[in-house]
**Q** 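Let me begin by handing over the structure; questions about it come next.
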Amino acid sequence: MIFLKTDEEIELLRDSNLLLGKTLAELAKVIAPGVTTKQLDKIAYEYICDNGGTPSCLGYEGYPATLCTSVNEQVVHGIPSDDVVLKEGDIISVDTCVLKNGFHSDSAYTFPVGEIAPETMALLRTTKEALYKGIEQAVAGHRMGDVSATIQDYCEKRGYSVVREFVGHGIGRDMHEAPEVPNYGRKGNGIVLKSGMVLAIEPMICLGRRNLIFQNDGWTTRTVDRKPAAHYELSVAVRNGKADILSTFQYIEEVLKERFI
């Protein structure tokens with residue numbers, strides 16, 4: 001069942017998403033060579049709890065952490081660890097959710113660690129651009145395939161591949177709600193978007209082939225060819241005429257300044 005949100009509920013969702021955006025900015029301040037992903041997880045947990053939120057991911061279906069921290073060829077759901085030490089030239093996708101006001105927020109950002117390879121930088125830029133291109137299609141009267149195909153076409157025309165096994169989703173009182181939001185599809189296909197839907201749109205894009213495998217922890221996925229993958233995500237309310245972006249990268253940008261991708 002797809003739940004349409006009222007204007008009041010969307011404002012509560014926006015507040016939850018603002019806390020999440022500020023949490024990611026706190027991480028942006030410290031992501032650097034020598035930092036462990038476990039340190040990032042501790043910072044996020046404390047910041048969320050200190051500001052009236054609850055980490056949604058912690059304990060979800062047994063997941064053991066606040067953040068998903070996926071490094072380089074890891075695509076999604078990397079588990080923070082003292083053993084994973086960031087180094088110069090890495091990229092790290094940080095994905096997390098916050099529960100506040102009875103509503104969940106969801107966002108992800110892929111950070112460069114120091115100077116990264118030009119081809120990796122191009123992957124990051126393209127993935128984030130594809131996210132915004134997809135969001136432009138998330139308006140009432142369009143179909144889900146318009147969002148999905150726009151992301152797919154934008155990335156594949158630039159030589160990248162699109163992950164199929166993981167998709168975006170609705171979000172609200174539950175962290176994962178209907179409908180699914182694939183990053184591939186055909187324009188004009190799929191459900192009709194209605195004002196009040198709230199979607200977490202999240203392209204996961206690979207520099208090489210899109211084929212994935214699970215690592216031994218049962219959560220982390222990586223590319224089979226071990227080429228890097230990027231992941232960006234924003235929560236968006238479907239509206240008439242123009243999508244309403246509820247989460248934000250603004251606070252990350254304020255921290256990174258000229259290093260903002």
Side-chain angles (χ1 to χ4, degrees), residues 2 70 72-76 91 93 95 106-112 116-171 176-195 197-212 221-249 260-261:
I2 297 173
S70 306
N72 296 332
E73 72 271 18
Q74 294 175 346
V75 180
V76 287
I91 58 172
S93 162
D95 182 12
D106 197 354
S107 185
Y109 194 90
T110 303
F111 296 89
I116 64 175
E119 65 176 7
T120 307
M121 180 71 79
L123 169 68
L124 267 56
R125 291 188 188 280
T126 298
T127 305
K128 191 168 77 170
E129 289 165 0
L131 169 60
Y132 285 107
K133 294 290 185 183
I135 288 171
E136 288 175 1
Q137 298 298 316
V139 296
H142 284 193
R143 290 185 177 270
M144 187 64 76
D146 299 330
V147 177
S148 304
T150 296
I151 292 170
Q152 180 182 11
D153 292 348
Y154 192 83
C155 294
E156 289 185 347
K157 285 178 180 176
R158 287 157 180 79
Y160 304 111
S161 60
V162 178
V163 169
R164 306 287 181 105
E165 291 83 355
F166 298 98
V167 297
H169 51 89
I171 189 165
H176 294 109
E177 297 182 354
E180 290 189 344
V181 186
N183 297 301
Y184 63 95
R186 295 176 59 190
K187 290 183 178 180
N189 282 15
I191 64 166
V192 176
L193 302 181
K194 297 181 179 180
S195 183
M197 288 182 179
V198 178
L199 310 174
I201 302 175
E202 50 178 321
M204 291 152 272
I205 307 300
C206 303
L207 183 63
R209 292 183 292 137
R210 64 175 179 84
N211 308 77
L212 309 181
T221 59
R222 68 162 175 85
T223 56
V224 171
D225 61 14
R226 293 191 177 274
K227 291 187 178 181
H231 178 204
Y232 291 87
E233 178 179 17
L234 290 167
S235 297
V236 176
V238 174
R239 298 289 203 179
N240 295 313
K242 184 178 181 181
D244 183 4
I245 302 175
L246 304 179
S247 40
T248 180
F249 297 147
F260 183 69
I261 299 299

**Q** Of all heavy-atom pairs between A130 and I151, which one has the smallest distance, and what is that distance?
**A**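 Where A130 meets I151 most closely, the heavy atoms are O-CG1, 3.5 Å.
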**Q** Kindly give the heavy-atom pair with the smallest separation between I261 and M121, and that separation in Å.
**A**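 Shortest heavy-atom separation between I261 and M121 comes out as CD1-SD, 3.0 Å.
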**Q** Kindly determine whether N240 and V139 satisfy side-chain contact (heavy atoms from CB on, under 4.5 Å), including the steps that lead there.
**A** CA-CA 6 Å; N240 295 313; V139 296; over 6 Å; no
**Q** Between CE of M197 and CE of M144, what distance do you get to the nearest 0.5 Å?
**A**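 If I round to the nearest 0.5 Å, the distance is 6.5 Å.
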**Q** So which heavy atom on T127 is nearest to which on A230, and how close?
**A**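 Taking T127 first and A230 second, the nearest heavy atoms are OG1-CB, 3.5 Å.
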**Q** For a quick test of reading the model, state the closest non-hydrogen atom pair linking I91 to A229 and the distance between them.
**A**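 Smallest interatomic distance, heavy atoms only, reads CD1-O, 3.5 Å.
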**Q** Could you pull out the closest heavy-atom pair between A138 and I201, with the gap in Å?
**A**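 Nearest heavy atoms, A138 then I201: CB-CD1, 4.2 Å.
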**Q** Could you tell me whether the side chain of S235 and the main chain of D106 form a donor-acceptor pair under 3.5 Å?
**A**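 Side chain of S235 to backbone of D106: a pair is present.
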**Q** State whether the number of non-hydrogen atoms from other residues, nucleotides or ligands found under 6.0 Å of R164 atom CZ is greater than 12.
**A**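 Yes - once you tally the heavy atoms of other residues, nucleotides and ligands closer than 6.0 Å, there are more than 12.
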**Q** For T150 and G134, indicate whether the former's side chain and the latter's backbone hold a donor-acceptor pair under 3.5 Å.
**A**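 No, the answer is negative, given that no donor and acceptor are paired below the 3.5 Å cut-off.
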**Q** Between D146 and K187 (side chain of the first, backbone of the second, donor and acceptor by atom type, cut-off under 3.5 Å), is there such a pair?
**A**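 Not a single qualifying donor-acceptor pair exists.
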**Q** Quick check against the 3.5 Å criterion: does R222 have a side-chain atom that pairs as donor or acceptor with the backbone of E73?
**A**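 Judged by distance alone, no pair lies under 3.5 Å.
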**Q** Can you tell me how far apart NZ (K157) and OG1 (T126) are? Round to the nearest 0.5 Å.
**A**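 Answer rounded to 0.5 Å: 13.5 Å.
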**Q** Minimum heavy-atom separation for S107 to D95, with atom names?
**A**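 Shortest heavy-atom separation between S107 and D95 comes out as O-OD1, 3.2 Å.
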**Q** Under a 3.5 Å distance rule, please check whether D244 uses its side chain to pair with a backbone N or O of A237 as donor and acceptor.
**A**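 Checking the backbone N and O of A237 against the side chain of D244, no donor-acceptor pair under 3.5 Å is found.
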**Q** Check whether any side-chain N or O of S148 sits under 3.5 Å from a backbone N or O of P182 as a donor-acceptor pair, and report yes or no.
**A**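 Flag set: sc S148 to bb P182 pair under 3.5 Å.
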**Q** Would you compute the distance between atom CG of L234 and atom CZ of F249 and round it to the nearest 0.5 angstrom?
**A**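 Rounded to the nearest 0.5 Å, the CG-CZ separation comes out at 4.0 Å.
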**Q** Working to the nearest 0.5 Å, report the span between NE2 of H176 and CD1 of I171.
**A**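 Interatomic distance, H176 NE2 to I171 CD1, rounded to 0.5 Å: 7.0 Å.
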**Q** List the residues meeting side chain to side chain contact (heavy atoms under 4.5 Å, CB included) with V76, not counting sequence neighbours, and say none if there are none.
**A**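 With neighbours one apart ignored, the set is F166, M204, T221, H231.
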**Q** Quick one, N183 with V163, criterion side-chain contact (heavy atoms from CB on, under 4.5 Å). Give me CA distance, side-chain angles, the key distance, then yes/no.
**A** CA-CA 7 Å; N183 297 301; V163 169; over 6 Å; no
**Q** Given K227 and R209, is the side-chain contact (heavy atoms from CB on, under 4.5 Å) satisfied, shown in steps?
**A** CA-CA 8 Å; K227 291 187 178 181; R209 292 183 292 137; over 6 Å; no
**Q** Between Q152 and G185 (side chain of the first, backbone of the second, donor and acceptor by atom type, cut-off under 3.5 Å), is there such a pair?
**A**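 A pair under 3.5 Å: yes.
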**Q** How many angstroms lie between atom CD of E233 and atom CG of L199, to the nearest 0.5 angstrom?
**A**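 If I round to the nearest 0.5 Å, the distance is 11.0 Å.
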**Q** Taking atom CD as the centre, does E129 end up with more than 12 heavy-atom neighbours from other residues, nucleotides or ligands that are less than 6.0 angstrom away?
**A**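 Atom CD in E129 is packed in, count exceeds 12.
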**Q** For E165, does the CD atom have more than 12 heavy-atom neighbours from other residues, nucleotides or ligands under 6.0 Å away?
**A**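 Yes - once you tally the heavy atoms of other residues, nucleotides and ligands closer than 6.0 Å, there are more than 12.
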**Q** Does any non-hydrogen side-chain atom of V147 lie less than 4.5 Å from one of L193?
**A**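 With C-beta onward as the side chain, the pair touches.
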**Q** Given 3.5 Å as the limit, does a donor-acceptor pair link the side chain of T223 with the main chain of L212, or not?
**A**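 Here the side-chain-to-backbone pair does not exist.
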**Q** Check the orientation of Y109 and Y232. Use parallel for under 30°, tilted for 30 to 60°, and perpendicular for over 60°.
**A**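 Perpendicular.
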**Q** Measure the CG-CD1 distance between L131 and I245 for me, rounded to the nearest 0.5 Å.
**A**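 That separation rounds to 7.5 Å.
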**Q** Do V238 and V198 have side chains that get closer than 4.5 Å, going by heavy atoms?
**A**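 Side chain of V238 against side chain of V198, heavy atoms only: no contact under 4.5 Å found.
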**Q** Start with the C-alpha distance between I116 and L124, add both sets of side-chain angles, then the distance that settles side-chain contact (heavy atoms from CB on, under 4.5 Å), and finish with yes or no.
**A** CA-CA 10 Å; I116 64 175; L124 267 56; 4.1 Å; yes
